[in-house]
Number of protein chains: 2
Amino acid sequence: MAPHAHPTDPSDMPLGPRQRALLAVLRAANAELSGQELHERLRQSSQRHGLATVYRNLRLLQRSGLVRCRKLPNGESVYAPLERDDHHLTCVSCGHSEPLPICPVASGGLALTKVLLQGFKPLFHTFEIHGLCRSCQQSEPLAHG
Amino acid sequence: MAPHAHPTDPSDMPLGPRQRALLAVLRAANAELSGQELHERLRQSSQRHGLATVYRNLRLLQRSGLVRCRKLPNGESVYAPLERDDHHLTCVSCGHSEPLPICPVASGGLALTKVLLQGFKPLFHTFEIHGLCRSCQQSEPLAHG
DNA sequence: CGTATGCTGAGAATGGTTCTCGTTTTAGCA
DNA sequence: TGCTAAAACGAGAACCATTCTCAGCATACG
């Protein structure tokens, strides 16, 4: 893992100040943040970033292996630092999503051989259980849209 | 699991003909289908469904525990029958997604206790490894948008 | 029949994300 | 310190899958 080992390795790309700012906000937050939330927090902290820039740099950080991303049922993407290894329980009815303190990779039962990956370079993984939350089980399940 | 055991259990709801048609197309397909693709296939098979109906019934089937759903990086949702337990390798750069023949739940290393679920009723799970596909590792990683 | 209830679908609305493109900043150089 | 090329920026427009609206239609039931 020497610096500049491969010229095409994005993880060697030095970060610009906006990217560092973005990453700092994500690391300071105690939960995943959406692009819009990130934009808002940066505005408040006197670091003005355009929305386009926020999304651009979020993509770069993701490809560089510094940020992870997941899509909520409502279509929003939420971001977190790569080193945070959290997974989720998500309701297919109301869309509510809450942390699930378990990780199928960390618990070691998973053999990710090179054969399976076939040249693919893994950066992070998502594990999510979808189902019905307690309150959606109780309420009329399929009524009134 | 007697019929109508619980009036609030969506899995007891009988399917309408449109929902059965939808499920049949999904089961006949050998891959996940998007709402738009489903709509197109139904049009061709003389089963005309409006787009709104396709999405409505897809939501119902999902809540009933018959259909699973996952979001691609481009924002599309793709659907498959619940009984198909496939997972994926997805590139954070180009968005390409391919099957990953491994399942962290089926391989048994995961203890999903009632304590963890806290009243949540699981229907299905998604497991996805995100990273860089072979061709995105080779190409200029961060250049030209 | 007559009414209540739910399902349907064409088209409009929604909203997060991406694109466009002129402007600003940075980098490289003499 | 000026000058130029390349890269980054951001306001606003565009995109597009999905959801919403609402009038019309089907079904159930007395």
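Order of the sequence lines fixes the chain letters, A, B, ..., with proteins taken first and strands second; residue numbering starts at 1 for each chain.
- A 6.0 Å sphere centred on CG of B:Asn30 holds no more than 12 heavy atoms belonging to other residues, nucleotides or ligands.
- Counting only heavy atoms from C-beta outward, the side chains of B:Val67 and B:Phe124 never approach each other to under 4.5 Å.
- Pairs engaging residues 74-121 of chain B under the ring pair (Phe, Tyr, Trp, His ring centres under 6.0 Å) rule: B:His87-B:His125 [sequence neighbours left out].
- Of the possible polar contacts, one joining the A:Gln19 side chain to the A:Gly16 backbone as a donor-acceptor pair under 3.5 Å is found.
- With hydrogens and angles disregarded, no donor-acceptor distance shorter than 3.5 Å links the side chain of B:Arg68 to the backbone of B:Val78.
- Counting to the nearest Å, the C1' atom of D:dA17 and the CG atom of B:Leu58 are 13 Å from each other.
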What protein N or O atoms touch nucleotides 24-26 of chain C N or O atoms at under 3.5 angstrom, if any, and at what distances?
none

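- Nucleotide D:dA17 holds its C1' atom 16 Å from the CD atom of B:Glu32, rounded to whole Å.
- Between the P atom of D:dA8 and the CD atom of A:Gln47 lies a distance of 17 Å, rounded to the nearest Å.
- Atom pair B:Leu72:CG and C:dT18:C1' shows a separation of 17 Å (rounding to whole Å applied).
- In this entry the distance linking CZ of A:Arg43 with C1' of D:dG10 reads 12 Å, nearest Å.
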Every protein N/O within reach of nucleotides 23-26 of chain D N/O, cut-off under 3.5 Å:
none

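- At whole-Å resolution of the value, CG in A:Asn74 and C1' in D:dC20 are 16 Å apart.
- Across the protein-nucleic acid pair, B:Leu60 atom CG and C:dC7 atom P stand 8 Å apart, rounded to whole Å.
- Remark: P of C:dG16 and CG of A:Leu33 are 15 Å apart, rounded to the nearest angstrom.
- Contact check on B:Glu32 versus B:Arg70 returns a salt bridge, with a Lys/Arg side-chain nitrogen under 4.0 Å from an Asp/Glu carboxylate oxygen.
- Judged purely by atom type and a 3.5 angstrom limit, A:Glu37 uses its side chain to pair as donor or acceptor with the backbone of A:Ser34.
- Sequence neighbours left out, not one pair with a member in residues 22-75 of chain A passes ring pair (Phe, Tyr, Trp, His ring centres under 6.0 Å).
- The side chain of A:Arg59 lies closest to C:dC19 when the candidates are C:dT17, C:dC19, D:dA17.
- B:Ser77 has no side-chain polar atom (N or O) that falls below the 4.0 Å cut-off from OP1 or OP2 of D:dA17.
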Contact letters for nucleotides 8-15 of chain C, in which S counts primed atoms plus P, OP1 and OP2 and B counts the base, heavy atoms under 4.0 Å: BBB-----
Could you pull out all donor-acceptor pairs under 3.5 Å where a side-chain atom in residues 102-114 of chain A meets a protein atom, sequence neighbours excluded?
residue: A:Ser107; atom: OG; partner: A:Cys103; partner atom: O; Å: 2.9
residue: A:Ser107; atom: OG; partner: A:Pro104; partner atom: O; Å: 3.4
residue: A:Thr113; atom: OG1; partner: A:Val115; partner atom: N; Å: 3.4
residue: A:Thr113; atom: OG1; partner: A:Leu116; partner atom: N; Å: 3.2

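- Counting heavy atoms from C-beta outward, A:Ser97 and A:Glu128 have side chains that approach closer than 4.5 Å.
- In this structure, B:Leu33 and B:Arg41 have side chains that are in contact, with non-hydrogen atoms separated by less than 4.5 Å.
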